[in-house]
Amino acid sequence: MSDDFRVTFWGVRGSHPVPGRNTLYFGGNTTCLEVSVAGTTIIIDAGTGIINLGNKIVGEYFGAGAKGPLELTLLFSHLHHDHTQGLPFFAPLYLGQSKLYMFGPRNFNNELQVVLEQSMIPPNFPIDFFHSNSIKNIATIKENNIIVLDTDDRTPRLLNKFYEKAEVQDSTILIRVLSDYSHPANGVFVYRIDHSGKSVVFATDVEGYQFGNAKLISFTKKADLLIHDAQYSREQYTALPTPRQGFGHSIPEMAIEVARLAEVKHLALTHHDPTIPDGQLKRNQTRYKRKFPNLLYAREGLTLSL
Ligand SMILES: [Zn+2]
Ligand SMILES: [Zn+2]
């Protein structure tokens, strides 16, 4: 375990935020993960959890005397509301000292930049994305891309993995991308971040397949931590008259199957269904730890060191 590579959960709910007394323990914000690696901050998804993260980042930046630009890398798994709706309230977006490197998928025929601009435009929101003060570097990426971050330089570089070989030094952070097609209607990106022999895979909004999701298992092989969707309970998944099969989310059994076959060390389940209260999630955690001992249900504020 090293403090040089940590993940912190800022939002662990799927679909929509759920404030209230039933979600105080696991939290009610939608998806956002902070990955702190070798002094660099990588954020995955901009659900409502990113609002508190942004406030913390800006507080620390000014608290430290604000020397130099504030550089952040922001990855999008996909562009559904529960993964983008915190962005208009993300404080670094409005700071002229912020340099934001954003990477994510195309949405049908629209590039990432267009989708983000359209999500923040009057009359839907009073400030348009274009006029926010941060310097933005936005790239639509594909599965054949690798993002390389050298910790001395901090500017992410985009490579084509079939064309260019990443030169890997001790300080290099590699971000790999997998396209998963189990989520309607445009699929999702799963990200794998490797640094100095440690790795984390973030697989939200994926649904398991019969015989296991082979592509995901191969991508996740021997990761130290797999963070995997487990929105539904087994009962919800098959319950009539509205079974959730085909909705693009998993049940814990599917996540455990990937974790076992990929031989990961630790498994964190996330994207909890908004209707499942804390008590039920705690009971489920106890139930599924019997099947995979190094398992936990992600909760807001939890930091794991890799
Ligand atoms: Zn989602
Ligand atoms: Zn989604």
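Every heavy atom of this structure was used, including side-chain atoms; hydrogens, water molecules and symmetry mates were not. Only a predicted model underlies this, so the values are computations on that prediction, with no experimental measurement involved. We count ligands from 1, going down the list as the structure has it; atoms in each ligand are counted the same way.
- Using a 3.5 Å distance cut-off with no hydrogens or angles, the side chains of His271 and Asp205 do pair a donor with an acceptor.
- Backbone or side-chain N, O or S atoms of His78 do not reach the Zn ion (ligand 1) at under 2.8 Å.
- With the Zn ion (ligand 1) as vertex, His271 NE2 and His83 NE2 subtend 110°, rounded to 10°.
- Test Lys161, Lys215, Arg176 against Glu143 for salt bridge (Lys or Arg N to Asp or Glu O under 4.0 Å) and you get one pass: Lys215.
- Around the Zn ion (ligand 2), the angle linking His183 (NE2) with His80 (ND1) is 90°, rounded to 10 degrees.
- Here the side chains of Ser250 and His228 are in contact, with some heavy-atom distance below 4.5 Å.
- Look at Asp205 and the Zn ion (ligand 2): an N/O/S atom of the residue is under 2.8 Å from the metal.
- Defined by atom type and a distance below 3.5 Å, a donor-acceptor pair is present between the side-chain atoms of Glu111 and Thr140.
- The atom of Asp82 that is an N, O or S and sits closest to the Zn ion (ligand 1) is OD2.
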Checklist entry - Hey, mind stepping through Leu75 and Ile42 against side-chain contact (heavy atoms from CB on, under 4.5 Å) and telling me if it holds? => result CA-CA 7 Å; Leu75 311 171; Ile42 299 164; 3.8 Å; yes

